[in-house]
2 protein chains.
Amino acid sequence: MPEQPPGSRPTLEAVAARAGVSRATASRVVNGGDGVRKPLVDKVLQAVDELGYIPNHAARTLVTRRTGAVAVVIAEPEIRIFSDPFFSQQIRGISKELTAHDTQLVLLLVEGPGDFDRIARYLSGGHVDGALAFSLHTDDPLPAITRRAGIPTVYGGRPSWTADPGDQAVPYVDADNRGGARAAVRYLKDLGRERIAHIGGPPDQTSAMDRLDGYRDVLLDVDPTLVAEGAFTVESGARAMAELLERRPDLDAVFAANDLMASGALRVLRERGVAVPEQVAIVGFDDMDSVAETTDPPLTTVNQDIEGQGRLMARLLLRGLDRDRTGSGPAPDSVITPTTLVRRASA
Amino acid sequence: MPEQPPGSRPTLEAVAARAGVSRATASRVVNGGDGVRKPLVDKVLQAVDELGYIPNHAARTLVTRRTGAVAVVIAEPEIRIFSDPFFSQQIRGISKELTAHDTQLVLLLVEGPGDFDRIARYLSGGHVDGALAFSLHTDDPLPAITRRAGIPTVYGGRPSWTADPGDQAVPYVDADNRGGARAAVRYLKDLGRERIAHIGGPPDQTSAMDRLDGYRDVLLDVDPTLVAEGAFTVESGARAMAELLERRPDLDAVFAANDLMASGALRVLRERGVAVPEQVAIVGFDDMDSVAETTDPPLTTVNQDIEGQGRLMARLLLRGLDRDRTGSGPAPDSVITPTTLVRRASA
DNA sequence: GACAGTCCTGAGAGCGCTTCCAGCGGGGGG
DNA sequence: CCCCCCGCTGGAAGCGCTCTCAGGACTGTC
C-alpha cells in the first residue's frame with residue numbers, strides 16, 4: 001500500500017483515469033463489478049491497487065444514505081457496568097458479527113438520565129443505520145427515540161413492556177431465564193433440599209422477574225419469607241443473604257438470580273460459619289467466568305452463551321436492515337437462547 | 001421534535017427557505033452564527049426548531065474532511081479482556097471525554113492477528129479523525145498502521161519501544177506503575193516482612209516490567225527464587241503462588257503485579273492453610289473494585305484512576321486533533337498518572 | 001455630500017461518490 | 001440485408017453541506 005500524504009487520497013476519478021474508463025464504470029467495479037466486462041474490471045482493479053484507492057466513506061454515505069455503522073447503546077447508569085463482564089462479552093459477540101458484515105460499531109454510553117437528548121440527536125442524525133440496546137427498564141425512553149428516529153433496533157434482554165399485549169413488538173434476544181431458573185431450582189430440589197430461598201434481582205428488570213418466575217414454577221406455592229430482593233451486585237447479595245438467614249435460619253439452599261449476588265451470599269455464609277454446600281447449597285446464574293470459577297467453593301450456576309447472544313443481536317439487526325433495503329425477506333423475530341446448568345462445588 | 005417520515009429529513013436548504021435567508025447564512029448560524037446579525041440568527045434558529053433540522057453528517061464530513069469520530073482500538077487477543085473491568089473503565093472515561101466534545105467513539109476490536117489488515121483499511125478509510133489504542137506489545141503492527149494512515153493516535157500504557165532512544169515518540173497515558181510498585185513493596189517492608197516475593201506479569205507488557213522494576217527499586221538485590229512470572233490472570237497467579245511456595249516456603253509476603261493474580265495467590269494460600277496476612281501478607285495492583293473488595297480477606301492494593309486515564313487519553317487526542325486543525329498549540333505530551341496504596345486486610 | 005472602509009449576505013463552486021439515462025456496438029431474427 | 005433488442009459504457013445530475021468571493025448596505029470621515 002503506497003504511503004499517502006495526508007489529505008490527498010486518490011479519488012475514483014483518479015482510478016478511472018488510470019484505468020482508462022469513466023468514473024461510472026470504476027464505481028461499478030469497486031462495488032462488485034456487476035455488468036462490467038472482464039478486461040475492464042481487471043484494469044480498474046489494477047488501478048485501485050496501484051493507487052491504493054480507498055473509497056471515501058462520507059461521499060458514499062451521502063448518496064446511498066447508508067452509513068455502514070450501527071450504534072450500540074448502553075444505558076446502564078449503574079456502576080455495575082464497570083464490574084460486569086456481561087457487557088464486554090456481548091459486545092465481543094456483536095463486534096464479531098458486525099465485522100463479518102463490514103459494519104462499524106459506534107459505542108454510545110448513556111451518561112445519566114439527562115443524556116438521552118444527546119442520544120436522540122445522534123440517532124436522528126443519520127450517523128448509523130441501526131441500533132442495538134440493552135437493559136431496558138419500564139420507562140426507558142430509548143424505544144420511543146429509536147422509533148421516532150426511524151432507526152431499526154434490536155434489544156438485548158426482553159423489554160419489560162413485551163408482556164403486554166400491545167402492538168409495540170420489538171425484536172429482542174434473551175436467554176431462557178425462566179427455563180434456566182427452573183433447571184437450577186429443580187436441581188436443588190432433586191438434591192433433597194426442602195427450604196430453597198431465592199435472592200432476586202431488581203424487579204424492574206425482566207431477567208430478574210423471569211428468573212423469579214422460574215423459581216416459582218418449580219416451588220409452586222412459595223413462602224414469601226424465603227425470597228429476598230437484591231440488585232445484581234455483590235453487596236446486595238450479601239445483604240439479602242443476611243436478611244434471609246435472619247428470617248429463615250433453617251434454609252438449606254439458595255438460588256441467586258446472578259453470580260455476583262451468589263458470591264456476596266457465599267461470603268456471608270462463610271463469615272457465619274455455614275458450610276457450603278453441606279448446610280446450604282447455592283446456585284447462581286450467568287456463569288461469569290471471572291466470578292463463578294473463582295469463588296470458594298466454585299459456583300454451581302446457570303450458563304448462558306453471552307457472546308452468542310451478542311452475535312445474534314447483530315445478526316438480527318443486519319437482517320432487518322437488509323430487509324429494509326431490499327424490501328423483502330422475513331421480518332426479524334425475537335430469539336430466546338438456551339441455558340444449561342453447570343455443576344461445580346457450591347451445590 | 002416533529003416526527004420524520006423516514007428518509008426525508010429537512011435539509012439546510014429547507015431551513016434557509018423557511019427563514020428567508022440563503023443556505024450560506026443558514027449554514028453559518030448552524031455552525032455558531034459568527035458574523036450573522038441577531039434577527040437573522042433568531043429566524044434561522046426558529047426554522048431549525050420548527051423543522052427539526054439535524055445536519056447531515058456525511059455531507060458535512062465530505063467537505064470539512066473531519067468525521068467527528070475517534071476509533072478505540074483494542075488489540076488484546078487474550079480472553080482476559082472478557083473478565084477484566086480495566087477496559088470497561090477506561091472506555092467509560094474515554095466516552096465521557098469524547099461526548100463532552102461531540103465526538104463519536106467507534107469501537108474496533110481486533111479479532112486475532114490476521115485482523116490487522118481490516119483495521120488498517122478502516123483507519124485509512126477516513127472514517128475517523130484519530131485513534132486510541134491499548135496494550136501494545138513489542139511487535140505490535142498498530143503504530144506503523146496509524147502512522148502510515150496519518151491518523152493521530154494516543155496510547156494507553158507505555159509502548160514497549162519507548163524505552164529506546166529512537167525518535168518514535170508517541171503520546172501515551174500510563175499509571176505510575178513503578179512508583180506504585182515501590183510504594184507497595186516499601187509498605188510490606190515497613191511491616192517488617194523480610195522475604196517479599198513477587199508475582200510478575202507477562203514480560204512483554206511494560207506495565208508488568210515497570211512494576212517489577214519498582215519491586216527491585218526497594219529490594220535492591222533481589223533473590224531470583226522470590227520472583228515468579230504470571231500472565232495477569234487468576235489462574236496464572238495461583239500457579240505462580242504454588243511455585244513460589246515450593247521454592248521458598250519461608251516467604252512472608254507477596255507483591256502481585258495485579259489484583260487478579262493476587263486473588264489467585266490468595267486462593268492457593270487459603271487452600272494450603274496459610275494465614276493471610278498473619279503468615280503471608282499480600283498486596284495487589286490495580287484496585288479493581290470487583291476483585292479487590294471481594295476477596296477474602298479484602299485485598300490491600302495499589303489504586304490507579306483508570307477512568308481518569310481514559311479521560312486523559314481522549315483529551316490528549318482531541319487536543320492533538322485541534323492542533324492539526326488550527327496549526328498551533330502545544331504538542332501533546334505523554335502523561336503519567338499517580339497511584340496510591342489502598343490498605344485493606346490482606347497486608 | 002462624496003468616498004473609503006466595514007460588516008453582512010447570497011450566489012455558486014465543489015467535496016467524492018452513485019445512479020439514471022442515453023447512446024453505442026453487436027448478435028439474432030425476420 | 002435490415003432492424004430490433006440487449007448488454008455495456010460514459011455523461012451528467014445531484015446527494016447536503018461548507019466556504020470563497022463578490023457585491024450591497026451602511027457607517028464614519030473629510
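Note on naming: letters A, B, ... go to the chains in the order of the sequence lines (proteins, then strands), and numbering restarts at 1 for each one.
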Q: For each nucleotide in nucleotides 9-15 of chain D, reading 5' to 3', give B when a protein heavy atom comes within less than 4.0 Å of its base, S when such contact involves only the sugar-phosphate, and - otherwise.
A: BBB-B-B

Show the distances under 3.5 angstrom between N or O atoms of the protein and N or O atoms of nucleotides 23-25 of chain D.
none

Q. Bend across the helix from C:dG1-D:dC30 to C:dG30-D:dC1, to 10°, with axes taken over 5 pairs at each end?
A. 50°

Q | Spatial distance of atom CG (A:Leu316) from atom OH (A:Tyr155) [nearest 0.5 Å] | A | 13.0 Å

Q | Length of the line joining A:Arg60:CZ and C:dC15:P, which is rounded to integer Å | A | 18 Å

(Q) Assess, by modelled atom type and distance only, whether the side chains of B:Glu111 and A:Ser95 contain a donor and an acceptor separated by less than 3.5 Å. (A) yes

Q | Spacing between A:Asn31 atom CG and C:dG16 atom P, to the nearest angstrom | A | 17 Å

(Q) Taking 4.0 Å as the cut-off, does a side-chain nitrogen or oxygen of B:Thr64 come that near to OP1 or OP2 on D:dT18? (A) no

Q.
So does A:Leu123 get a backbone contact from the side chain of A:His127, meaning a donor-acceptor N/O pair under 3.5 Å?
A. no

Q. With a 4.0 Å cut-off, would you call B:Asp42 and B:Lys38 a salt bridge?
A. yes

Q.
From CG of B:Leu12 over to C1' of C:dA11, roughly how many Å is that when rounded to an integer?
A. 15 Å

Q | Contacts of B:Arg60 that satisfy salt bridge (Lys or Arg N to Asp or Glu O under 4.0 Å) - sequence neighbours left out | A | none

Q. CD1 of B:Ile74 to CG of B:Leu108: how many Å apart, nearest 0.5 Å?
A. 9.5 Å

(Q) Restricting to salt bridge (Lys or Arg N to Asp or Glu O under 4.0 Å), what partner residues turn up for A:Arg28, sequence neighbours left out? (A) none

Q: Measure the distance from CG on B:Asp34 to P on D:dC19 and round it to the nearest whole Å.
A: 12 Å

Q.
As an exercise, state the distance from OG1 of B:Thr61 to CZ of B:Arg65, rounded to the nearest 0.5 Å.
A. 11.0 Å

Q) Would you say A:Asn31's side chain and A:Ser27's backbone share a donor-acceptor pair under 3.5 angstrom? A) yes

Q: Could you tell me which residues satisfy salt bridge (Lys or Arg N to Asp or Glu O under 4.0 Å) with A:Asp115, sequence neighbours excluded, listed by chain and number?
A: A:Arg118

Q: In plain terms, say whether B:Glu307 and B:Arg92 are close enough for a salt bridge, that is, a side-chain N and a carboxylate O under 4.0 Å apart.
A: no

